[in-house]
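Written out below as structure tokens is the structure these notes cover.
As a basis for the values below, the full set of heavy atoms in this structure was taken, side chains included, without hydrogen atoms, waters or symmetry mates.
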Amino acid sequence: MTKTTTLAFLLLAGASFSATGCHSGDMQTKTPARPLVGGVERLDPALDQLVAPDARPEVLSQGYKWSEGPVWTHGALLFSDVPNNVIWRWHETEGTREFLRPSGYTGSVPRGGEPGSNGLAVDAAGRLYMCQHGDRRIARLAPDGKSFETVADRYENKRFNSPNDLVVRPDGDVYFTDPIYGLVLHEKDPAREIPWSGVYRARADGHVELLDRTLTFPNGLAFSPDGKTLYVAVSDPARAIWMAYDVDDKGGVKGGRVFFDATAFVKAGKKGLPDGMKIDVAGNIFATGPGGVFVFSPEGTHLGTIVTGEPTANCAFGDDGSTLYMTANDKLTRIRLKTRGAVGQ
């Protein structure tokens, strides 16, 4: 890399939270002091049009086992704590409270691993969809707010591994990835029925279509604003990449190609792997990866990285669309932007 890297960090020494700001299950009565963490790594001057040079991530709550799948809905942020099998709700004035438990595993036999919900999404009607690791399906929250409706749980009559992330298109089709992270023994789990980790499309009519079975660990995914490109993260430490596919008029994909290769960042010891992502109105990609949240131009130029200091799983635009919420290991964080998320992001 030939461009000069500027890394600005601001750490507030001694900053701490009240424990009620995390998972007591009760609403907070007052907002705790919020420490700033990490910084912004600037690789290209174009980043300044998206993230202010003095912007910093702030920690909103913490103490989770593995925070994931944020989605903004009804004026608040929902996000998963995958190992704890719960979805949390964060609100600016109400703080964090339990929203749904169980979130991804409804079985009666206790199990280990990561059984809870992972990726979350909301459709045009405001209904909540979730990738359920333990129940191995794409589900939708029923109108009663407690039970689930199965959207897809099988391909050719074989159970999925553990759906990880998803996008609900305006026509009701759900695109999702299905790696093995939610299986207790991963690749060696005896309950595994599909021998690959796939990228799928569950059509609104119930038909499930396999889009790609060649990726080692497909993870987060997102569409360009015009819907003509599908991006898929591959969380493989040996080949940490993002893929791009052309989307045809019928919703199928073709022309898979490497959009960006971050393997060198993994080998350099940066925390995290390609995971969740969202896209702004101009087609810039905000993608969690080794070191924080990578910011790419639509052409694949790495403009810089929002550094959280933690392995960062996923992100979502919230508020008026100009705030990026990030689930970073045991924390929920956010950073203010100078751009806004595309519709559906």
Side-chain angles (χ1 to χ4, degrees), residues 68-69 71 80 82 103-107 114-125 127-142 147-183 186-187 189-224 227-235 243-256 275-277 344:
E68 251 286 10
V71 64
S80 302
V82 188
S103 67
Y105 177 60
T106 58
E114 299 183 353
S117 62
N118 196 311
L120 307 176
V122 175
D123 69 6
R127 297 176 298 182
L128 179 66
Y129 289 65
M130 62 210 75
C131 292
Q132 294 187 314
H133 273 192
D135 286 349
R136 300 167 66 179
R137 63 179 174 174
I138 302 296
R140 182 172 56 227
L141 190 63
S147 58
F148 304 102
E149 301 168 343
T150 298
V151 176
D153 63 355
R154 284 171 169 78
Y155 173 70
E156 295 185 342
N157 207 34
K158 295 181 180 180
R159 294 188 70 191
F160 293 126
N161 296 314
S162 58
N164 188 280
D165 205 358
L166 76 167
V167 176
V168 183
R169 302 289 281 162
D171 61 3
D173 288 357
V174 180
Y175 290 70
F176 63 97
T177 56
D178 183 44
I180 42 71
Y181 298 129
L183 296 173
H186 293 179
E187 297 97 330
D189 199 302
R192 188 180 188 188
E193 298 181 18
I194 298 177
W196 61 77
S197 293
V199 181
Y200 295 90
R201 171 194 185 191
R203 297 185 182 180
D205 62 9
H207 176 72
V208 176
E209 174 186 355
L210 175 65
L211 302 177
D212 194 337
R213 55 176 287 179
T214 66
L215 305 178
T216 49
F217 301 103
N219 205 308
L221 69 173
F223 282 89
S224 59
K228 295 181 179 180
T229 304
L230 173 67
Y231 301 95
V232 179
V234 181
S235 52
M243 295 288 293
Y245 301 81
D246 298 321
V247 182
D248 62 34
D249 293 340
K250 295 182 179 180
V253 304
K254 59 183 179 180
D275 204 323
M277 72 183 96

The reported gap from CD1 in Ile180 to NE2 in His133 (rounded to nearest 0.5 angstrom) is 9.5 Å
Going by heavy atoms in the side chains, are Tyr175 and Asp173 under 4.5 Å from each other? yes
- prompt: Taking the inter-plane angle between the rings of Trp196 and Tyr155 on a 0 to 90° scale, is it parallel (under 30°), tilted (30 to 60°) or perpendicular (over 60°)?
  reply: perpendicular
For Val247 and Gly227, the nearest pair of non-hydrogen atoms, with its separation, is CB-O, 3.5 Å
Heavy atoms of Cys131 and Asn164 approach each other most closely as SG-C, 3.5 Å
Here the gap from Leu141 atom CG to Leu120 atom CG, rounded to the nearest 0.5 Å, amounts to 10.5 Å
Q: Mark yes or no for whether Thr177, through its side chain, and Asn219, through its backbone, hold a donor-acceptor pair below 3.5 Å.
A: yes
May I ask you to decide whether Arg137 forms a salt bridge with Asp135, counting only side-chain N to carboxylate O separations under 4.0 Å?
-> yes
Original post:
Counting distance only, does the side-chain N/O of Thr229 pair as donor-acceptor with the main-chain N or O of Ser224 below 3.5 Å?
Top reply: no
CZ of Arg201 to CD of Glu209, rounded to nearest 0.5 Å, is 5.0 Å
Sub-3.5 Å donor-acceptor pair from the side chain of Tyr200 to the main-chain atoms of Pro163, do we have one?
-> no
(Q) Run the side chain to side chain contact (heavy atoms under 4.5 Å, CB included) test on Asp153 and Gln132 for me, step by step, so that the C-alpha distance in whole Å, both residues' side-chain angles and the decisive distance to 0.1 Å come before the verdict. (A) CA-CA 10 Å; Asp153 63 355; Gln132 294 187 314; over 6 Å; no
Here the pair of heavy atoms bringing Arg154 nearest to Asn157 is CD-OD1, 3.8 Å
Check: Distance-only, no hydrogens or angles: does the Asn161 side chain make a donor-acceptor pair with backbone N or O of Asp178 under 3.5 Å?
Finding: yes
* Keeping the roles fixed (side chain from Glu193, backbone from Lys158), state whether a donor-acceptor pair exists under 3.5 Å. => no
Is there side-chain contact between Asp275 and Glu68, with heavy atoms separated by less than 4.5 Å?
-> yes
Has Ser103 got a side-chain atom pairing as donor or acceptor with Ser117's backbone, closer than 3.5 angstrom? yes
When rounded to the nearest 0.5 Å, the distance separating CZ of Arg140 from CE of Met130 is 10.0 Å
Rounded to the nearest 0.5 angstrom, the CG-CG distance for Asp123 and Leu128 is 9.0 Å
Can you say whether the rings of Phe217 and Tyr181 are parallel (under 30°), tilted (30 to 60°) or perpendicular (over 60°)? parallel
Does any non-hydrogen side-chain atom of Val208 lie less than 4.5 Å from one of Phe160?
yes
| message | Whether the side chain of Ser162 engages the backbone of Gly134 through a donor-acceptor N/O pair (distance < 3.5 Å, no angle test) should be reported. | response | no
CZ of Arg136 to CG of Leu183, rounded to nearest 0.5 Å, is 5.5 Å
